[in-house]
Amino acid sequence: MSLSETLGTVLLNAMKERGADRIFGLPGDFVLPFFRTIAESGILPLHTLSHEPSVGYAADAAGRIGSSLGVAVVTYGAGALNMVNAVAQAYAEKSPLVVISGGPGADEGKLGLSLHHQVKTLSSQFEIFRELTCAQCILNDLETAPIEIARVLDTALSLSRPVYIEIPRDLVDQPCASAPAIALPAANHDAARACAKEVLDRLRSAKSPAILVGVEARRYGLEDKIASLCRKLGVPVATSFMGRGLFADFTLPLLGPYLGSAGDTNIASAIEGADCLLMLGVITCDTNFGVSGRAIDMRASIRALDRTVVLGHHLYPDVSLEALVDALLEIAETIGVPEPQPEPVYATGLPDDETPLEPSHIAIAVNDLFNSKGSSPIAADVGDSLFIGLEIADTALVAPGYYASMGMGVPAGLAINAVTGRRPIVLVGDGAFQMTGWELGNCQKYGWSPIVIVLNNQSWEMLRGFQPNQTYHDLDDWHFADIAPLLGGRGIRVETCAELKRALDLAVDDESSFYLIEAMLPRSRTSMSLHKFTRAMRNLSAMKNE
Ligand SMILES: Cc1ncc(Cc2c([C@H](C)O)sc(CCOP(=O)(O)OP(=O)(O)O)c2C)c(N)n1
Ligand SMILES: [Mg+2]
């Protein structure tokens with residue numbers, strides 16, 4: 001048993017072996033020993049940000065864009081609990097985020113004093129994170145630590161959900177045996193084959209089958225396999241709202257994103273009219289289905305999610321999405337001959353004139369840019385940014401489409417820049433930018449240069465769509481472009497289509513820093529996608545009479 005390792009390096013090596021390629025963090029005294037190990041060992045690069053919610057959002061996004069583990073390292077109490085909302089979002093949206101918190105040493109709790117950063121008892125934080133994660137451990141026993149590290153990290157990978165690891169600050173430098181190699185639960189191939197046969201029989205006997213693909217396709221790196229399965233089956237395919245951006249680099253008979261009555265009517269009728277809907281890795285949530293014009297008959301559907309497949313009243317436990325797709329690929333045959341799908345049409349041709357900007361001009365300008373200079377990955381925040389993202393041509397996209405916490409846009413853009421080395425376009429509203437936009441000040445030390453489009457409508461406009469006639473949705477004009485140079489970037493405030501076009505061309509040609517393009521938009525106007533979504537949600541929910 002090689003003891004050349006310490007508990008700190010064992011944890012770092014175990015994460016690296018499981019695909020983690022960097023750490024986002026913000027230190028505090030309880031985690032300084034582990035920060036020193038990170039810095040001195042060089043096993044994983046470290047990026048520090050300025051506020052723990054951003055650390056959580058960035059680490060989550062790094063895992064999503066890389067289909068691997070995202071890692072966030074913070075201090076006990078004030079740090080970790082500051083990140084609760086970002087971890088909750090990662091859990092809800094099935095992102096394998098590893099939360100590592102420094103913790104008190106073994107004897108610190110015996111002083112008979114409450115410790116700083118302690119909330120109620122010393123195990124309160126552990127209990128809070130138990131509710132937000134799929135596996136947890138406190139590494140307070142060097143004998144069991146290697147096994148515990150492997151158990152928790154492997155669970156993060158197999159369930160694609162966040163996990164919590166607390167590392168006591170007095171043990172980080174202690175000699176420790178290496179963690180066992182990755183050991184994911186063996187796929188139950190017999191069950192997967194039996195399930196695949198039943199799935200294929202149902203698809204074959206349906207008059208109008210369809211397939212809906214969700215986020216698990218990305219989380220488990222299955223886009224390629226699912227694309228070839230869909231080509232083989234020849235059945236119309238759509239992505240869920242949360243699955244927007246899937247298959248951007250693959251060819252298959254993709255209809256586009258399903259948004260119910262808030263989206264394309266052809267896609268809605270193909271999905272809602274299907275008499276056998278195969279859902280691969282789709283989270284059954286209101287943003288994916290809440291705006292369905294016709295409720296989808298879940299009993300006639302086949303749902304493969306969270307390592308379980310449900311077909312009506314039949315249930316196949318412990319059949320992973322990959323095992324099911326592999327088994328289907330073994331027996332798949334052509335079932336339908338989907339009409340050649342018209343290429344999804346994404347508006348282009350921004351007028352190059354003094355036309356005042358409207359929300360949908362943003363998508364047109366980005367589509368024009370993609371056509372002239374090639375596409376970029378996109379990070380979108382919550383608000384109209386999320387819906388304008390739907391009007392932009394297919395590209396890799398990170399956005400909190402279900403849990404929908406504001407503030408993820410800029411940190412996710414930084415993570416995409418760090419992981420992929422490509423400059424992302426970040427779409428963020430003024431309200432969300434007020435929360436985490438300042439993280440752009442960290443670009444200079446890491447050489448990141450995202451292009452950030454701030455949709456400045458001086459409003460929490462999405463809320464106004466749910467509840468008009470309230471002045472508390474009004475925001476002041478913060479002149480964000482003027483602040484950009486103080487953060488080490490360049491800011492351009494634009495009010496017309498021609499100005500937006502020029503600003504984007506300038507930004508794309510200058511990689512020396514981040515660009516903040518402040519697009520001035522009118523209040524009480526939204527993209528068509530958001531308008532249809534809020535109208536549909538209002539009709540379906542208690543907000544009818546607002
Ligand atoms: C952390 C956080 N706080 C509050 C909300 C509620 C909320 C929205 C969702 C419904 O929960 S949309 C929205 C307004 C967003 O304003 P802005 O970023 O300027 O974008 P836009 O003007 O395009 O709406 C809020 C406050 C949220 N989603 N996340
Ligand atoms: Mg706004």
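None of these values were measured; they are calculated from a predicted model. All ligand and atom numbering here is 1-based and tracks the order in the structure. Residues: numbered from 1 along the sequence shown.
In this structure, F126 and Y164 have perpendicular ring planes: the angle between them is above 60°, well past the 30° mark. Under the 30°/60° scheme for interplanar angles, the aromatic rings of F433 and F480 are found to stand perpendicular. Ring orientation note: the planes of W448 and H47 are nearly perpendicular, at an angle over 60° on the 30°/60° scale.
Counting only N and O atoms by type, the side chains of D264 and Y258 include no donor and acceptor under 3.5 Å apart. There is a side-chain donor-acceptor pair under 3.5 Å between S529 and E391. Using modelled atom types, one finds no donor on one side chain facing an acceptor on the other under 3.5 Å when comparing T308 with D306.
Residues I362 and L500 meet the side-chain proximity criterion, which asks for heavy atoms closer than 4.5 Å.
Distances from the Mg ion (ligand 2) show that Q458 has no N/O/S atom below 2.8 Å. Among the backbone and side-chain atoms of N456, none of the N, O or S atoms lies under 2.8 Å from the Mg ion (ligand 2).
Looking at D430, its N, O or S atom nearest to the Mg ion (ligand 2) turns out to be OD1.
At a heavy-atom cutoff of 4.0 Å, ligand 1 is surrounded by V382, G383, D384, A404, S405, M406, G429, D430, G431, A432, M435, N457, S459, W460, E461, M462, L463, F466.
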